[in-house]
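Taking it in order: structure first as structure tokens, then the write-up.
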Amino acid sequence: MKCLLIIVLLCTQILFAQETPATFWNNRCDFKTDGTGKAMGLKIKLSVPCDWKQADGERPHIVKKFLYNSGVTSAISTLTIRKMPGSPTKSEIAEMFTQKGLKELTEDLGTFISGRKLKVDGLDCGEVAFKMTREHPVGTLYLYNMYYYFIYKDKMIVLGYATGST
């Protein structure tokens, strides 16, 4: 998860360049799950920028949301945990994290851009980039998303990151 966080922080640094790198990297706060409630028995630790607001997820599977709004641009990151029907085998996970499998994971979410398999803290991880649009009363919202999928036993952990504009 540490490598994943670094990826998210790098993306954020590029998008929110008004902060100096030293301030950005040194001003982080830890978020931890204790395994209760929506965490479904998992203890996860994430390091996020301290100026991002934390909010509980409204949906049953969203553990926590982290929100940022500079007035010019905004971002959201979510930690999601879902119980799977069973524990997938190594070969099933390998198939899920192929380009085709990752594309299928996000086909209902938006337009697939890229996908690849990574290793993060010893776990296989699927990284997916996709874009989407949403119609709102004030205009069309254009979003760029990065999702990181992890399988741990019978749980799918998703760290989602999105930034957008109208």
Side-chain angles (χ1 to χ4, degrees), residues 1-84 87-88 93 96-97 101-102 105-106 109-110 112-132 141 143-165:
M1 289 281 191
K2 293 174 191 167
C3 294
L4 174 60
L5 181 61
I6 290 171
I7 293 168
V8 171
L9 289 174
L10 282 173
C11 292
T12 307
Q13 177 60 31
I14 292 166
L15 293 169
F16 308 111
Q18 72 268 16
E19 293 186 48
T20 63
T23 302
F24 182 82
W25 288 107
N26 293 327
N27 191 23
R28 294 187 318 227
C29 295
D30 288 337
F31 167 75
K32 299 176 190 176
T33 63
D34 62 4
T36 60
K38 294 180 184 182
M40 294 189 208
L42 299 179
K43 294 182 179 182
I44 298 172
K45 178 181 173 185
L46 298 173
S47 181
V48 296
C50 292
D51 58 345
W52 284 39
K53 294 179 183 169
Q54 294 185 23
D56 290 330
E58 295 91 13
R59 297 182 182 159
H61 56 280
I62 299 176
V63 178
K64 192 62 95 171
K65 291 191 312 188
F66 305 94
L67 308 160
Y68 177 83
N69 190 336
S70 71
V72 176
T73 188
S74 60
I76 184 171
S77 185
T78 56
L79 172 62
T80 303
I81 301 174
R82 292 180 188 234
K83 185 161 176 49
M84 300 176 69
S87 296
I93 293 171
M96 187 184 305
F97 292 159
L102 292 169
L105 278 173
T106 57
L109 301 175
F112 179 82
I113 297 171
S114 66
R116 64 183 176 149
K117 181 180 174 183
L118 304 170
K119 275 273 195 211
V120 177
D121 288 349
L123 290 175
D124 289 330
C125 170
E127 175 193 69
V128 179
F130 63 97
K131 61 184 177 179
M132 63 194 313
L141 181 62
L143 294 166
Y144 183 84
N145 303 271
M146 295 288 296
Y147 277 23
Y148 296 89
Y149 293 90
F150 299 88
I151 306 295
Y152 181 74
K153 297 183 180 179
D154 64 341
K155 309 283 189 312
M156 179 183 282
I157 304 160
V158 183
L159 185 57
Y161 178 79
T163 187
S165 65

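Atoms considered below: every heavy atom in the structure, side chains included; atoms not considered: hydrogens, waters and symmetry mates.
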Next on the checklist: Other residues, nucleotides and ligands only: do more than 12 of their heavy atoms fall within 6.0 Å of NZ on K38?
Outcome noted: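 Buried by this count: over 12 neighbours within 6.0 Å.
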
Next on the checklist: Between S47 and R28 (side chain of the first, backbone of the second, donor and acceptor by atom type, cut-off under 3.5 Å), is there such a pair?
Outcome noted: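 No; zero donor-acceptor contacts below 3.5 Å.
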
Item to check | S77 backbone acceptor or donor facing K64 side chain under 3.5 Å | outcome: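 Judged by distance alone, no pair lies under 3.5 Å.
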
Item to check | Taking every non-hydrogen atom, the tightest pair across M84 and P88 | outcome: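 Smallest heavy-atom distance, with atoms named: CE-CG, 3.9 Å.
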
Next on the checklist: Show the nearest heavy-atom pair for residues L102 and E127, with the distance to one decimal.
Outcome noted: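 Minimum heavy-atom separation between L102 and E127: CD1-O, 3.8 Å.
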
Can you check whether [X] reaches [Y] side chain to side chain, under 4.5 Å on heavy atoms?
X: K131; Y: N145; answer: no
X: K65; Y: D56; answer: no
X: V63; Y: T33; answer: yes
X: L109; Y: T106; answer: yes

Nearest 0.5 Å, please: how far is [atom2] in [Y] from [atom1] in [X]?
X: T163; Y: L143; atom1: OG1; atom2: CG; value: 8.0 Å
X: T78; Y: I62; atom1: OG1; atom2: CD1; value: 5.5 Å
X: Y144; Y: F130; atom1: OH; atom2: CZ; value: 10.0 Å
X: D30; Y: K45; atom1: CG; atom2: NZ; value: 4.0 Å
X: R116; Y: F97; atom1: CZ; atom2: CZ; value: 13.5 Å
X: F150; Y: I44; atom1: CZ; atom2: CD1; value: 9.0 Å

Item to check | All ring-ring contact (aromatic ring centres under 6.0 Å, His included) counterparts of F112, not counting sequence neighbours | outcome: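 Not a single residue meets the ring-ring contact (aromatic ring centres under 6.0 Å, His included) criterion with F112.
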
Item to check | Geometric class of the Y161/W52 ring pair [parallel <30°, tilted 30-60°, perpendicular >60°] | outcome: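 Aromatic pair W52/Y161 classed parallel.
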
Checklist entry - Less than 6.0 Å separating the ring centroids of F66 and F31? => result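 Between F66 and F31, the centre distance is under 6.0 Å.
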
Side chains of residues 151-160: which donor-acceptor pairs under 3.5 Å do they make with residues two or more places apart or in other chains?
from : atom 1 : to  : atom 2 : distance (Å)
D154 : OD2    : K83 : NZ     : 2.2

Item to check | From CA spacing to verdict: side chain to side chain contact (heavy atoms under 4.5 Å, CB included), L105, M96 | outcome: CA-CA 8 Å; L105 278 173; M96 187 184 305; 4.1 Å; yes

